[in-house]
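Nothing fancy with the numbering, it's 1 onward along the sequence. Heavy-atom basis, side chains included; hydrogens, waters and symmetry copies ignored.
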Amino acid sequence: MTLIEWFIFFLIIQAIHFLGTWKLYVKAGRQAWEAAVPVYNAVILMKIINRPWWWVILLLIPVINVIMLPVVWVETIRSFGKNTTKDTVIVIATLGLYIYYINYIEDVTYIEDRSLKPKTVAGEWISSILFAVVAATIVHTYFMQPYTIPTGSLERTLLIGDFLFVSKFHYGARTPMTAVSFPMVHDTIPKLGVKSYNSDIQYPYFRLPGFQKIKRNDIVVFSWPVDTVRFFRDPSGAHMYKPIDKKSNYVKRCVGIPGDSLSVVDGYVHINGKRTALPDRAEVQFSYTGTTKGGNFNPQNLYNRYRIKAMDPQEFGYNKQRFFIKGITEEQANKFKNHPNVASIDRQITPKGEKAFGIFPNNDKVNWNYDNFGTIYIPEAGKTVKMDLKSFSLYRRIIEVYEGSEMGIDNTLSVNGTQVLLNGTPIDSYTFKQDYYWMMGDNRHNSEDSRAWGYVPANHIVGKPVFIWMSYDTNGKGFNKIRWERLFTTVGGNGTPRSYLYYFLIVLAGWIIFNKYRKRKKAS
């Protein structure tokens with residue numbers, strides 16, 4: 001929906017509210033016109049139902065307002081004596097329209113000093129759970145979101161089984177775009193496998209101010225730009241539209257920022273012609289093949305000594321075996337080379353000029369691969385590029401989708417001979433409307449990233465991983481399944497990650513002792 005459409009929708013909602021409540025405002029000792037003034041009418045309504053003024057703020061926060069509306073409906077009818085379970089069910093089932101019946105048909109009396117304490121234990125539990133959900137949703141949406149590392153694309157820095165807290169406020173929280181969605185879940189309702197949202201009503205994109213910009217080599221969580229379907233039980237099996245904020249979340253390293261000229265040379269990223277230096281906690285990994293001297297490897301020894309998680313052996317000749325390792329560093333490979341059963345080990349690199357399948361821009365016209373890619377320009381908001389057949393391929397999705405259909409604009413990019421046309425009009429340049437980023441995994445041969453699907457728009461950025469609160473190792477046994485040294489460590493920073501678990505336990509113990517002391521003092 002455009003801003004104009006949203007303004008019209010807002011006016012319609014205000015009209016619906018006024019027509020359904022103005023008599024109730026009068027019965028509560030207010031003026032009828034007070035029910036018609038936007039925002040002010042909500043403040044007055046909070047006074048009528050004897051609730052704090054800051055509830056109005058909750059009614060203005062996307063997603064939270066969907067949870068709060070039924071609460072306000074129920075509180076409104078209870079302020080006029082409608083306290084039965086039947087009344088509560090009817091007002092929720094009719095989406096608040098039951099208030100029209102009370103406003104025009106019922107002869108109700110305003111209860112000015114009604115008790116706000118729930119009359120049943122169930123009611124008290126429901127109230128507590130409801131506001132716990134509201135508080136958790138605010139934190140989850142605007143401040144900090146939990147995230148689990150599902151793949152090994154950032155191995156060594158982030159491991160499979162790491163449980164993170166992702167900061168929404170570092171880069172500025174993206175307000176929800178999907179107006180109606182199930183709270184505290186992403187795109188799918190757990191166990192049911194069905195969509196957790198309705199995409200018919202969409203808020204315009206808006207991001208709160210952040211206190212830092214994305215820097216080169218930051219680890220970033222973002223909405224996967226090309227996501228169209230994710231495990232929904234759709235009988236047709238067809239792809240379906242997913243709003244930006246409901247696309248699947250990915251975590252990668254931002255190796256290229258707006259304005260960079262990027263290429264990949266033999267697996268290493270180059271920015272503006274120079275090989276980029278990664279932070280000291282980051283370790284680039286590649287796939288290796290090699291041959292053995294005929295013996296076998298102990299899987300547990302491979303993991304404990306060389307951090308090699310999996311090896312795929314294949315027969316090679318009569319007395320030797322060929323093996324394949326997906327994802328180790330050069331340092332590990334040099335160490336493993338001295339293993340008594342290793343005859344040779346070599347890094348897998350696809351030569352420059354050899355075309356690979358599934359490489360951006362996916363037009364089968366570039367001789368690029370995962371190890372040798374580019375050069376490409378990463379678009380910056382407000383910057384203009386020349387539009388020719390090459391840039392047509394690189395920026396077509398940006399123009400048609402990211403700055404087109406996802407923004408409510410019908411953009412069509414086409415070619416007539418060597419001339420590029422935008423919506424049928426010839427163009428020789430294009431000016432970008434937002435920033436873009438290039439995301440890659442440190443495990444170069446085990447990462448589906450920008451090399452496959454291209455640029456990540458600024459409006460797809462979710463947040464910054466800041467903290468590992470739990471780390472679970474499926475290769476471990478017993479208590480060793482928990483990576484104790486990773487608990488309560490920071491994601492960023494230099495040097496070996498430092499655990500703050502003991503500090504957390506000390507603070508937690510202090511808080512428990514303080515609470516017990518306070519309760520005893522209050523009781524005395």
Side-chain angles (χ1 to χ4, degrees), residues 13 17 21 24 28 39-96 98-99 111-147 165-169 173-186 189-190 196-198 201 203 208 245 463 469 508 511-512 514-515 518-519 522:
I13 294 297
H17 175 77
T21 60
L24 299 180
V39 181
Y40 177 73
N41 54 12
V43 174
I44 297 302
L45 182 61
M46 293 308 111
K47 292 183 178 181
I48 292 173
I49 66 176
N50 198 20
R51 290 297 184 178
W53 66 268
W54 51 262
W55 274 32
V56 177
I57 298 175
L58 298 181
L59 289 171
L60 297 176
I61 299 176
V63 177
I64 303 300
N65 51 16
V66 177
I67 303 173
M68 290 299 300
L69 276 175
V71 178
V72 174
W73 297 337
V74 171
E75 291 293 317
T76 299
I77 63 172
R78 287 180 177 176
S79 296
F80 293 89
K82 297 296 183 178
N83 295 309
T84 67
T85 302
K86 179 182 177 181
D87 290 317
T88 301
V89 171
I90 292 175
V91 76
I92 294 176
T94 60
L95 301 180
Y98 180 50
I99 297 175
I111 305 173
E112 186 173 358
D113 297 319
R114 71 184 180 97
S115 173
L116 299 180
K117 183 177 177 60
K119 297 182 179 180
T120 64
V121 174
E124 190 167 349
W125 271 100
I126 291 172
S127 297
S128 300
I129 292 172
L130 182 66
F131 282 98
V133 170
V134 169
T137 303
I138 291 175
V139 173
H140 182 275
T141 305
Y142 296 96
F143 295 96
M144 200 74 70
Q145 176 183 346
Y147 185 83
F165 281 132
V166 176
S167 165
K168 299 291 188 72
F169 54 83
R174 181 182 64 188
T175 58
M177 302 177 193
T178 305
V180 181
S181 64
F182 198 83
M184 298 301 295
V185 299
H186 188 53
I189 297 178
S196 63
Y197 61 91
N198 183 296
I201 302 177
Y203 294 116
L208 298 172
D245 60 331
W469 62 273
L508 180 62
W511 176 254
I512 293 173
F514 171 75
N515 267 343
R518 186 180 62 177
K519 288 179 180 179
K522 186 176 181 180

- Decide side-chain contact (heavy atoms from CB on, under 4.5 Å) for L60 and N65; before the verdict, give the C-alpha distance in whole Å, the side-chain angles of both, and the deciding distance to 0.1 Å. CA-CA 6 Å; L60 297 176; N65 51 16; over 6 Å; no
- Query: Does the side chain of Y98 come within less than 4.5 Å of K82's, by heavy atoms?
  - Reply: yes
- Query: Once you round to the nearest 0.5 Å, how far does CD1 of I512 lie from CG of N515?
  - Reply: 8.5 Å
- Message: Determine whether a donor-acceptor pair (N or O, by modelled atom type, separation under 3.5 Å) exists between the side chain of S196 and the backbone of S181.
- Response: no
- Item | Student check: side-chain heavy atoms of V63 and T175 closer than 4.5 Å | no
- Is the backbone N or O of R174 less than 3.5 Å from a side-chain atom of K168, with the two atoms forming a donor-acceptor pair by type? no
- CG of L58 to CD1 of I138: how many Å apart, nearest 0.5 Å? 5.0 Å
- With a 4.5 Å heavy-atom cut-off, do R78 and I111 have their side chains touching? no
- Message: Using the rule given for side-chain contact (heavy atoms from CB on, under 4.5 Å), can you reason through M144 versus F169, listing the C-alpha separation, both sets of side-chain angles and the distance that settles it, and then say yes or no?
- Response: CA-CA 8 Å; M144 200 74 70; F169 54 83; 3.9 Å; yes
- Message: Measuring only between side-chain heavy atoms, which start at C-beta, is T84 closer than 4.5 Å to T88?
- Response: no
- Query: Are F131 and W55 an aromatic pair by the rule of ring centers under 6.0 Å?
  - Reply: yes
- Salt-bridge criterion met for E75 and R114 (N-O under 4.0 Å): yes
- Task: Take atom OH of Y147 as the centre, draw a 6.0 Å sphere, and report whether it contains more than 12 heavy atoms from other residues, nucleotides or ligands.
- Result: yes
- Task: Please report the shortest heavy-atom distance between P176 and T141, naming the atom on each side.
- Result: CG-CG2, 3.5 Å
- Query: Which atom pair, heavy atoms only, marks the closest approach of A28 to F80?
  - Reply: CB-CZ, 4.3 Å
- Taking the side chain as every heavy atom from C-beta outward, state whether T178 and Y203 have any pair of such atoms under 4.5 Å apart. no
- Output yes when a side-chain donor or acceptor of T21 lies under 3.5 Å from a complementary backbone atom of L24, and no otherwise. no
- Task: State, with a plain yes or no, whether a side-chain heavy atom of V134 is found less than 4.5 Å away from one of T137.
- Result: no
- Item | I49 side, atom CD1; I77 side, atom CD1 - distance, nearest 0.5 Å | 11.5 Å
- So do S167 and Q145 actually touch side chain to side chain, heavy atoms under 4.5 Å? no
- Shortest non-hydrogen pair, P190 vs V185, comes out as CD-CG1, 3.8 Å
- Run the numbers on L59 and M46 for side-chain contact (heavy atoms from CB on, under 4.5 Å), then give the verdict. CA-CA 11 Å; L59 289 171; M46 293 308 111; 4.0 Å; yes
- Query: Does the side chain of N50 reach to within under 4.5 Å of the side chain of S79, using non-hydrogen atoms?
  - Reply: no
- Query: Between Y142 and I61, does a side-chain contact (heavy atoms from CB on, under 4.5 Å) hold up when you go through it step by step?
  - Reply: CA-CA 10 Å; Y142 296 96; I61 299 176; 3.1 Å; yes
- Message: If only side-chain N and O atoms count, and only distance matters, is there a donor-acceptor pair under 3.5 Å linking D245 with Y197?
- Response: no
